[in-house]
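Labels below follow one simple rule: chain letters A, B, ... track the order of the sequence lines, proteins then strands, and each chain is numbered from 1. The shown structure was predicted, so the numbers you read here are calculated from the model rather than taken from an experiment.
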2 protein chains.
Amino acid sequence: MSSVTFSPLYRQIRDRLVHSLQSGEWRPGEAIPSELELAARYGVSQGTVRKAIDALAAENLLVRRQGRGTFVASHHEARAQFRFLRLRPDEGEARQPTSRFLDCRRLRAPVEIARALELKAGDSVVTIRRLLEFDGVPTVLEEIWLPGAPFRGLSAERLTAYSGPLYALLETEFGTRMIRASERLRAVAAGEGEAVALGVQTGTPLLLVDRVSQTYGDKPVEVRRGWYLTRDHHYFNELS
Amino acid sequence: MSSVTFSPLYRQIRDRLVHSLQSGEWRPGEAIPSELELAARYGVSQGTVRKAIDALAAENLLVRRQGRGTFVASHHEARAQFRFLRLRPDEGEARQPTSRFLDCRRLRAPVEIARALELKAGDSVVTIRRLLEFDGVPTVLEEIWLPGAPFRGLSAERLTAYSGPLYALLETEFGTRMIRASERLRAVAAGEGEAVALGVQTGTPLLLVDRVSQTYGDKPVEVRRGWYLTRDHHYFNELS
DNA sequence: TAGTGGTCTAGACCACATA
DNA sequence: ATGTGGTCTAGACCACTAG
């Protein structure tokens with residue numbers, strides 16, 4: 001086998017596990033089969049399955065729980081709540097924001113959005129605008145873009161009826177799980193619209209956060225732009 | 001052994017390896033002994049040493065190179081250059097900035113700095129101000145605070161004579177290696193000083209980055225505040 | 001060719017959760 | 001008591017690097 005093609009067994013097992021996750025064979029929050037069962041199924045040793053699962057646990061696709069089993073990660077779990085929202089209060093514990101939905105429309109994808117979501121120009125997309133409030137204080141204004149097809153039933157009513165994290169809703173109701181995202185941050189001056197929404201003066205410095213999220217297979221399925229008011233909060237990041 | 005105290009063998013080996021790194025037994029860039037040698041030294045199997053090394057490689061303290069050996073990570077390596085500088089150009093490849101040192105003074109630690117560095121109020125500290133330029137464009141203004149004792153010989157001349165990354169100099173000349181850092185980001189308006197240094201108008205939105213860096217044993221050894229001009233650059237972050 | 005890390009296996013035993 | 005993941009071992013063989 002040529003060296004550029006070489007892929008160790010545990011990597012192949014990892015990929016088959018991802019395929020099972022992607023196909024919905026095991027759903028978020030559920031346990032996957034035990035290591036010994038999987039070893040038997042794939043005809044490899046337990047150690048090889050273990051290494052494959054270790055890799056997926058490191059990627060946060062699976063969660064190991066000693067004595068209980070290995071579970072498919074879910075945005076409904078408490079530990080996942082702050083993985084994709086890095087804003088923290090300057091003082092005190094991080095708290096769950098409440099979201100106020102301002103808008104939810106379907107339209108044809110603008111060129112920029114289409115490119116980021118790997119759609120054809122003119123394909124249908126859903127756009128959402130919302131305001132996140134911490135303890136009643138408007139702190140983040142967000143503009144979200146999703147491909148229309150996988151989120152056909154998404155509407156303002158559906159969003160308003162739900163109180164948890166958006167990604168949890170998308171995971172449960174539409175079977176699309178966000179597993180990774182990349183963000184680009186900038187400092188900008190608040191425009192008219194942002195200023196009104198966040199209750200600050202035009203020109204106030206805001207943290208602009210552009211995000212592209214991906215699901216299984218590195219497929220981009222969300223584009224998001226957020227304006228963060230960092231008067232009493234900050235964006236937290238660990239470098240290692 | 002009570003469950004709160006339980007520490008697996010590979011974890012103990014990991015800690016002994018860290019101790020050897022901290023004591024300078026193996027220096028940045030050098031190879032550590034082979035897995036079999038270490039297994040013999042510690043009286044455990046190769047597999048256990050392997051797991052300990054895997055953990056340290058995941059923490060970026062060691063770097064594995066198949067066929068060659070395992071090496072102590074160093075800030076002199078190309079792969080480390082952008083681990084602690086997350087600013088990237090909006091267009092094109094990331095390039096190494098040049099730094100212009102504005103100031104380097106020794107003084108008694110202000111209360112805030114002393115607390116962050118776990119010093120006694122009044123202990124000696126070194127403070128550095130510098131400007132990072134990308135392709136000649138001033139883009140980051142930084143104010144750095146280091147404890148005085150470990151960096152006794154640090155001076156403006158020493159800094160100016162050196163052209164590489166600051167952490168590489170601190171590692172080589174003073175034996176202190178930064179291994180981890182946490183950052184807090186905010187958007188702020190440029191004050192008089194920042195505006196002049198960066199060549200922008202007062203009030204221009206800037207990305208304010210506050211960092212605390214740690215060396216072995218989670219000991220904080222650097223406090224840094226940076227003002228990032230995000231006109232043509234952005235702060236990049238991966239969420240997973 | 002020798003030495004290094006990388007993969008894979010088989011088996012024993014430990015820690016933890018649940019019934 | 002049972003079943004799960006977690007640890008540890010010993011040994012065989014593969015992939016890669018360097019002399």
Colleague: In whole angstroms, how far is the C1' atom of C/dT4 from the CD1 atom of B/I32?
Modeller: 12 Å
Colleague: Nearest to the B/R68 side chain among C/dA15, D/dT17, C/dT7, which nucleotide is it?
Modeller: D/dT17
Colleague: Side chain to side chain contact (heavy atoms under 4.5 Å, CB included) with A/S99: which of A/I128, A/L132, A/L131?
Modeller: A/L132
Colleague: Measure from CG on A/L9 to P on D/dC13 and round the result to the nearest Å.
Modeller: 17 Å
Colleague: Can you tell me which nucleotide in D/dA10, D/dT4, C/dG6 comes closest to the side chain of B/S45?
Modeller: D/dA10
Colleague: Any donor-acceptor pair under 3.5 Å linking the side-chain atoms of B/T139 with those of B/H233?
Modeller: no
Colleague: Are any of B/K51's side-chain N or O atoms less than 4.0 Å away from OP1 or OP2 of D/dT7?
Modeller: yes
Colleague: For D/dT7 and B/T48 - does any side-chain N or O of the residue sit under 4.0 Å from the phosphate oxygens OP1/OP2?
Modeller: no
Colleague: Between B/E183 and A/Y235, does any side-chain donor sit less than 3.5 Å from a side-chain acceptor?
Modeller: no
Colleague: Determine whether the aromatic ring centres of B/F84 and B/H75 lie less than 6.0 Å apart.
Modeller: yes
Colleague: Do A/S155 and A/E157 get their side chains close enough for a donor-acceptor pair, meaning under 3.5 Å?
Modeller: yes
Colleague: Once you apply the 3.5 Å cut-off to both distances, tell me the Watson-Crick or G-U wobble partner of D/dG11, or none.
Modeller: C/dC8
Colleague: Mind calculating the distance between CZ (B/R14) and C1' (D/dC8) to the nearest angstrom?
Modeller: 19 Å
Colleague: Remember a base hit wins even if backbone is also touched, and classify B/Q66 as base, sugar-phosphate or nothing at under 4.0 Å, heavy atoms.
Modeller: base
Colleague: Measure from CZ on B/R50 to C1' on D/dG6 and round the result to the nearest Å.
Modeller: 18 Å
Colleague: Can you tell me the distance, in whole Å, between the OH atom of A/Y42 and the P atom of C/dT9?
Modeller: 14 Å
Colleague: Among the nucleotides D/dG5, D/dC16, C/dT7, which one has an atom lying closest to any side-chain atom of A/T70?
Modeller: D/dG5
Colleague: Expressed in angstrom and rounded to an integer, what is the separation of B/L62 atom CG from C/dG5 atom P?
Modeller: 11 Å
Colleague: Assuming nearest nucleotide by heavy-atom distance, tell me which of A/P8 and B/R65 is located more 5' along DNA chain C.
Modeller: B/R65
Colleague: Between C/dT4 atom C1' and B/L38 atom CG, what is the distance in whole Å?
Modeller: 12 Å
Colleague: Rounding to a whole Å, what distance do you find between A/F6:CZ and C/dG5:C1'?
Modeller: 12 Å
